[in-house]
Amino acid sequence: MSEKQVFNPNPEFSKNARIKNMDEYNALQNKAMNDYEGFWGDFAKEKIDWIEPFTNTLDESNFPFVKWFEGGKLNVSTQCIDRHLDTRKNKAAIIFEGDRGDVQTITYLDLYKNVNRFANLLKEDFGVKKGNRVVIYMPMIPEAAYAMLACARIGAIHSIVFGGFSSEALKDRIIDAEAKVVITADGAFRKTKPYMLKPVVDAALEGETPVEKVLVVERNNEDVTWVAGRDYSYNELIKDKSAVCEAQVMDAEDPLFLLYTSGSTGKPKGVQHNSAGYILWAQMTMEWVFDVKENDTYWCTADVGWITGHTYIVYGPLAMGATTVMFEGVITYPDAGRPWAMVENHRINQFYTAPTAIRVLHKMGEDAPAKYDLSSLKVLGTVGEPIDPPAWKWYYEEVGSSKCAIVDTYWQTETGGHVVSPLPGATPIKPACATLSLPGIMGEILDPETGVKVGVGESGYMCITRPWPSMIRGVWGDEERFVKSYFGDVKKDGKPVYFTGDGANYDNDGYITITGRTDDVINVSGHRMGTAEVEAAIKKHSNVAEVAVVGKPHELKGEGIFAYVVLKSDDGVADEVEEVKIINNIIKKEIGNIALCDDMVFAPGLPKTRSGKIMRRILRSIAKGEKITQDISTLEDPSVVEKINSMVNK
Ligand code: PRX
């Protein structure tokens, strides 16, 4: 398929979709434009089971510190569980497939009991109270979802740390959030072998930390160290807990969770999402973008450690009463047919994954989809990074048999849910294009200088010009950073607007294509990585004088990490292999395997202006093998550019 516009070819699907065609899309978006508060207020009344109704839809008098649905009281766990019990108590809420093929079906009634027991445990045995922060460092097992919902039930604020992060990264997040409890597991299974998490928690808790107690889910039953008075077995404590736990009454704007994410400078930021606005948009986008029907089975391959796992494995699907699949394993194990076997076995109707996964599955198993019955599929989603046309084509034709709608969903940790995406069956789709802002989202590509909407084909900054319910509410403990990071760069009509950090452009149809980050954040396999974080880790090596990290296009990962390292002494360069090993070990310890460098060059110096600013654009060009077009005559030492270039592009 070329650049030509294609329509969802399945008219039956469109007929039954929640938003059926572009007229319906336009009607919704027009309503939002003409009566913004009415649009959101009506949906909030319809979708949320309020304990007490809200009295004011939106207060933006203290922008960007906005308040949605003031006066409203609710509990997110009851939104996700209790309210479904009348009609769906025996329906599968979660279908879990373990790494080794073990399958567990958890009904809504099971979920209710398990979450309540978990909530009682946290309250009674650990003394967790409303507003306390609880760090969750878990593998992809149902207990991770129970832990999230148990926190929500008692009003504790969870902060999940992805299980691939190192002990240092975990420690930083524990300290920043001042968490008093960590929930973890001994480990899990990966490619049928045990892999461990508890030792990472032990290392993170060495020295001073605010953590008083650690709850350990015994999943793989490997030997782990138990610290008396600190570590407790979930499997033991849960046994005598009551399956009834009254839900804490929460204000609409009470915090639901923190999730740390990388920015262009400094340490990761604790992105804060609050209760009502977040759960409202999680449910609405789930319904609109995946169009999950009552008897459908939906699978998102993300990890709960990322925002995609929060919104589209746990909160969104459960809020709408859907069946969500959770997978512990690796999608290419035992071979690249694993996800397609799962689609066949569970009769999955919506499948949601990252372009990196699609590229890997395509490369490792181009013909694998044809070996399975994938006829249940209706909607295929992508998330996290731009999808390239060849990967899109394979996904559309081979996985979806040219019959499924593809939704290229653009959003971020900070947006809480999708903001730009096609609606399946309604939006004419194009390969590798996120298309249009969703109804209610005032997405605009603006010129950063003038704040004016850019014309067709012009590059601009992807902004959202009005606050939406699931917008980030703060950076934990740092108001100034919140304002500066998101509302400092672009002004429309003289007023600051939310800037995503991404560049974008419009095509002739007014469709939005995201072109990538405009800051020093790189996107490795759909995961956000701040170059400053990687640089800070590399600088911990005593022999490193200077370092600059940039992104470089990578065939499978989208972007790879390219480090230019200047060593203090030339001695080290004599054994480059050894230096690379040392540096990578430091990165592993400081951040985790996801930040390992794909390329490392030991440079004689870095291209810097006379005021000492590193010219990253030049380094990006060298990494890509591009011709250097920048003026280098004003650099402190112009000769360094040629020296590095000849090392990289021999
Ligand atoms: O650069 C954009 C890219 O991922 C960034 C957000 O990363 P994170 O907060 O980790 O959330 C990832 C999952 C939502 C964005 O700033 N991104 C996300 N989705 C897309 C995308 N880039 C292009 N197309 C997308 N569909």
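All ligand and atom numbering here is 1-based and tracks the order in the structure. In what follows, residues are counted from 1 in the order of the sequence shown.
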Quiz item: Applying a heavy-atom distance cut-off of 4.0 Å, which protein residues contact ligand 1?
Solution: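 Ligand 1 is contacted, at a heavy-atom distance under 4.0 Å, by Ile307, Thr308, Val383, Gly384, Glu385, Pro386, Asp408, Thr409, Tyr410, Trp411, Gln412, Thr413, Asp502, Ile514, Arg517, Asn523, Arg528.
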Self-check item: Residue list, ring pair (Phe, Tyr, Trp, His ring centres under 6.0 Å) with Tyr506, at least two apart or on another chain
Solution: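 So Tyr506 forms no ring pair (Phe, Tyr, Trp, His ring centres under 6.0 Å) with any residue.
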Practice problem: Apply ring pair (Phe, Tyr, Trp, His ring centres under 6.0 Å) to His554 and list each qualifying residue two or more places apart in sequence or on a separate chain. | Solution: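 None.
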Self-check item: Candidate list Trp411, Tyr410, Trp468, test ring pair (Phe, Tyr, Trp, His ring centres under 6.0 Å), partner His418, passing option
Solution: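 Between His418 and the candidates, ring pair (Phe, Tyr, Trp, His ring centres under 6.0 Å) is satisfied uniquely by Trp411.
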Quiz item: Are Arg473 and Phe65 in a cation-pi setup, meaning NZ or CZ lies under 6.0 angstrom from the ring centre and within 45 degrees of the ring axis?
Solution: no
Quiz prompt | Residues which pass side-chain hydrogen bond (donor to acceptor under 3.5 Å, both in side chains) with His310, listed by chain and number, not counting sequence neighbours | solution =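 Testing His310 for side-chain hydrogen bond (donor to acceptor under 3.5 Å, both in side chains), a comparison that skips the adjacent residues, returns none.
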Quiz item: Are the ring centres of Phe257 and Tyr278 closer than 6.0 Å?
Solution: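 Phe257 vs Tyr278: aromatic centres under 6.0 Å.
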